[in-house]
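Below you'll find the structure, written out as structure tokens, and then a few comments.
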Amino acid sequence: MIKLFFKTLRLILGPFMLLSEYLTRPSGIVRTPEEQQAIDRECQSLSLYQFRTCPFCIKVRQEMRRLSLNIRCLDAQPQGIHRDALLRGGGEVKVPCLHIKEENGAERWLYESGKIIEYLRNRYNKGALP
Ligand SMILES: N[C@@H](CCC(=O)N[C@@H](CS)C(=O)NCC(=O)O)C(=O)O
């Protein structure tokens with residue numbers, strides 16, 4: 001029932017949500033080219049499973065922009081290969097989900113927009129917020 005509610009909401013409000021996302025894009029924090037290159041390399045071990053018009057995913061994408069993180073976004077809509085990967089790896093089809101490949105090869109599937117944002121801020125904010 002809740003799933004259906006959000007699906008309908010996404011269908012009806014989708015275009016407006018995307019427009020609002022575009023109009024309210026935060027300006028990203030600025031790093032030195034060297035720092036940004038290092039962060040870009042780190043971000044290669046992260047993937048965000050998402051729906052384009054999911055409000056929780058939009059919240060995470062805006063935070064990624066604010067933190068200037070180039071994280072790969074994978075669409076987990078039905079009939080997509082990424083949906084299967086999310087289900088197999090994370091255990092449920094719920095977005096957003098951040099897939100984290102640790103340096104030791106371990107994998108984490110982090111669900112919940114609030115937790116994802118907290119993780120990204122802890123790892124990449126480096127005192128940029130007051
Ligand atoms: N509390 C979660 C809510 C996430 C959520 O409800 N996501 C919906 C999309 S908006 C979902 O994945 N639904 C599963 C589906 O539609 O198959 C969060 O903040 O991330």
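As the structure is a prediction and not an experimental result, all values here were calculated from the model. Read the numbers this way: they start at 1 and go in the same order the structure lists the ligands and their atoms.
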**Study point:** Test applied, side chain to side chain donor-acceptor pair (under 3.5 Å); reference residue, Gln50; option that passes from Arg61, His82, Gln77
**Key:** Arg61
Note the single closest protein heavy atom to [atom], along with its residue, its atom name and the distance in Å.
| atom | result |
| --- | --- |
| atom 14 (C) of ligand 1 | Val93 O, 3.5 Å |
| atom 6 (O) of ligand 1 | Phe56 CE1, 3.8 Å |
| atom 10 (S) of ligand 1 | Cys54 SG, 3.2 Å |
| atom 2 (C) of ligand 1 | Glu112 OE1, 3.3 Å |
| atom 9 (C) of ligand 1 | Arg10 NH1, 3.4 Å |
| atom 19 (O) of ligand 1 | Ser113 OG, 2.6 Å |

Exercise for review: Could you establish whether Gly114 and ligand 1 come within less than 4.0 Å of each other, counting only heavy atoms on the residue side?
Suggested key: no
Check your understanding: What about Val95: any of its N or O atoms under 3.5 Å from an N or O on ligand 1?
Key -> yes
Do [X] and [Y] touch side chain to side chain, with heavy atoms closer than 4.5 Å?
| X | Y | result |
| --- | --- | --- |
| Tyr49 | Val93 | no |
| Tyr124 | Arg31 | yes |
| Leu46 | Arg123 | yes |
| Asp40 | Gln44 | no |

Point to revise | Set of side-chain hydrogen bond (donor to acceptor under 3.5 Å, both in side chains) partners for Gln62, sequence neighbours left out | key: Thr24, Arg65
Study note, to complete from the structure: Logged contact type for Arg83 with ligand 1, heavy-atom cut-off 4.0 Å, is side chain
Check your understanding: Side chain or backbone of Phe51 under 4.0 Å from ligand 1, or both, or neither, by non-hydrogen atoms?
Key -> side chain
Point to revise | Euclidean distance, Leu48 CG relative to Ser113 OG, rounded to 0.5 Å | key: 10.5 Å
